[in-house]
A.B. asks: 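After the structure tokens below, expect a handful of questions from me.
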Amino acid sequence: LALGSLRCGIALSHLRRKGPPLVRAEQVAGGYTLNGVIPWITGWRLLDGFALGATLESGEHLFVYIDKAQDGAALSASAPLALIVMAASDTVEVEVRDLFIPDERVLALRPDEALRVADDKTITTHAALPLGCARGCARYLRELASEPGRESLNQTAFALTLEIDGCRREALTWCDCFAHPDYKAHALRARATANVLALRAAHATVIAMGGRAHLVTSAPQRLLREAQFYGTAVLTPEVQASTLDQLISPFFGL
């Protein structure tokens, strides 16, 4: 892996999700046995292996390295999922049956609380993706504004850019203030604002283009799908709740 001769991916097993774990781990002599369903692995046919998180009966999270060539008999992959976004990503669902992982392929063993603590420290980090999408939308609106009779779109792009810049400043202000008593409230608000801004900005490009935006090949269509994807990336329950609050409360934002 370090030399670049092997490709490693990351399997998403929804460790944050409430209810029974999707991938269960049981400690046995010399290692662990894994069973369950991995709902999301991207780039399946390109990967030589991948990192996977599973849940022990104790609630601890076990992270292991899976070698596809060595462990293939215990893995059953679906056909590529039909995705609105990332359709060419070769993302599959994989069933895991009685997969033995020796101790030397364990990457980490952490209490379930560790994931929540890590999520809390990176709330604003993931605002960069939707903010980048929103800025791309503003840039596209300025391009449309160069067409005769469409100069008013510059005002739309300018207003969105002001909001984007304000949200970015807020995210950067709070990104390292974990010890501050108001950190989480401000960080969640900045992240949610970024998510909603991307959706609003992308929707603005669709409206600005009109009927042509329904073409799958149109730039506004792609931007709208990207905004949808970034809004769900690393979506913790708290980020989800904060984003939903802003979607139903137009004056809740920054």
Side-chain angles (χ1 to χ4, degrees), residues 1 3-26 28 31-56 61-102 105-108 115 119 126 129-130 132-133 136 195 198-199 202-203 206 213-237 239-240 243:
L1 293 173
L3 293 173
S5 59
L6 296 176
R7 294 188 179 95
C8 179
I10 298 176
L12 303 185
S13 51
H14 297 331
L15 295 178
R16 300 173 181 85
R17 190 173 116 171
K18 295 180 180 179
L22 296 183
V23 182
R24 303 174 307 280
E26 180 183 357
V28 295
Y32 297 84
T33 299
L34 273 57
N35 282 280
V37 175
I38 306 167
W40 188 285
I41 303 181
T42 292
W44 176 249
R45 283 171 291 184
L46 297 175
L47 302 178
D48 299 291
F50 55 91
L52 170 64
T55 305
L56 287 160
H61 292 152
L62 176 75
F63 298 90
V64 301
Y65 177 72
I66 309 295
D67 185 309
K68 281 178 62 181
Q70 185 173 337
D71 303 324
L75 306 173
S76 179
S78 70
L81 302 178
L83 302 174
I84 294 175
V85 187
M86 298 167 53
S89 64
D90 194 23
T91 296
V92 300
E93 179 182 276
V94 176
E95 184 178 0
V96 181
R97 294 183 181 176
D98 297 324
L99 172 58
F100 173 72
I101 299 296
R105 281 205 267 138
V106 171
L107 303 175
L115 188 60
D119 284 340
H126 303 291
L129 297 174
C133 181
N195 287 345
L199 288 168
H203 196 190
V206 170
H214 296 301
L215 294 171
V216 173
T217 55
S218 73
Q221 188 63 235
R222 192 202 75 230
L223 289 165
L224 191 60
R225 293 196 301 269
E226 288 181 4
Q228 174 183 320
F229 175 75
Y230 295 144
T232 60
V234 196
L235 188 66
T236 67
V239 171
Q240 183 183 61
T243 302

A.B. asks: With a 6.0 Å cut-off (strictly less than), is the heavy-atom count around CD1 of Ile10, excluding the residue itself, greater than 12?
C.D. replies: no

A.B. asks: Nearest heavy-atom pair of Ala198 and Pro130: which atoms, and what distance?
C.D. replies: CB-O, 3.4 Å

A.B. asks: Judged by modelled atom types alone, do Thr243 and Asn195 share a side-chain donor-acceptor pair under 3.5 Å?
C.D. replies: yes

A.B. asks: Over all heavy atoms of both residues, which pair between Trp44 and Lys68 is shortest? Give the atoms and the distance, please.
C.D. replies: O-NZ, 2.5 Å

A.B. asks: Can you give me the closest heavy-atom contact between Leu22 and Pro39, atom names plus distance?
C.D. replies: CD1-CG, 3.8 Å

A.B. asks: Should Leu75 and Ile66 count as side-chain neighbours, where that means a heavy-atom distance under 4.5 Å?
C.D. replies: yes

A.B. asks: Measure the CG-SG distance between Leu47 and Cys8 for me, rounded to the nearest 0.5 Å.
C.D. replies: 7.5 Å

A.B. asks: Yes or no on side chain to side chain contact (heavy atoms under 4.5 Å, CB included) for Ile38 and Glu93, after CA distance, side-chain angles and deciding distance?
C.D. replies: CA-CA 6 Å; Ile38 306 167; Glu93 179 182 276; over 6 Å; no

A.B. asks: Could you grab the distance from atom CG of Leu62 to atom CD of Glu26, nearest 0.5 Å is fine?
C.D. replies: 12.0 Å

A.B. asks: Counting C-beta onward and ignoring hydrogens, is there a side-chain heavy-atom pair between Thr55 and His61 closer than 4.5 Å?
C.D. replies: yes

A.B. asks: Find out whether Asp67 and Arg105 are in side-chain contact, i.e. whether some heavy atom of one side chain is under 4.5 Å from a heavy atom of the other.
C.D. replies: yes

A.B. asks: Quick check for you: to the nearest 0.5 Å, what is the distance between Arg7 atom CZ and Arg45 atom CZ?
C.D. replies: 13.0 Å

A.B. asks: Looking only at heavy atoms, what is the nearest atom pair of Ser13 and Gly53, with distance?
C.D. replies: OG-O, 2.6 Å

A.B. asks: State the CG-CG distance between Leu99 and Asn35, to the nearest 0.5 angstrom.
C.D. replies: 8.5 Å

A.B. asks: For the atom pair CE (Met86) and OG1 (Thr42), what is the distance rounded to the nearest 0.5 Å?
C.D. replies: 4.0 Å

A.B. asks: Thinking salt bridges, do Arg97 and Glu95 make one under a 4.0 Å N-O criterion?
C.D. replies: yes

A.B. asks: Of the options Leu81, Val94, Thr91, Asp90, which is the one that meets Ile41 in a side-chain contact (heavy atoms from CB on, under 4.5 Å)?
C.D. replies: Val94

A.B. asks: Is atom NE2 of His203 surrounded by more than 12 heavy atoms (other residues, nucleotides or ligands) closer than 6.0 Å?
C.D. replies: no

A.B. asks: Could you tell me which non-hydrogen atom of Ala77 sits nearest to which non-hydrogen atom of Val92, and how far apart they are?
C.D. replies: CB-CG2, 4.2 Å

A.B. asks: For the residue pair Phe229 and Leu83, establish whether any side-chain heavy-atom pair is separated by less than 4.5 Å.
C.D. replies: no

A.B. asks: For Leu1, does the CG atom have more than 12 heavy-atom neighbours from other residues, nucleotides or ligands under 6.0 Å away?
C.D. replies: yes

A.B. asks: Should we count CZ of Arg16 as having more than 12 external heavy atoms under 6.0 Å?
C.D. replies: yes

A.B. asks: How far does OH of Tyr65 sit from CG of Asp71, to the nearest 0.5 angstrom?
C.D. replies: 9.0 Å

A.B. asks: Show, in sequence, the C-alpha distance, side-chain angles and deciding distance for Val106 and Tyr32, and conclude whether the side chain to side chain contact (heavy atoms under 4.5 Å, CB included) test is met.
C.D. replies: CA-CA 9 Å; Val106 171; Tyr32 297 84; 3.8 Å; yes

A.B. asks: Hey, are the side chains of Val23 and Leu52 touching, using non-hydrogen atoms and a 4.5 Å cut-off?
C.D. replies: yes

A.B. asks: Less than 4.5 Å apart, side chain to side chain, heavy atoms only: is that true for Val85 and Tyr230?
C.D. replies: no

A.B. asks: Heavy atoms only: give me the nearest Cys133-Ala227 pair and the separation to one decimal.
C.D. replies: SG-N, 3.8 Å

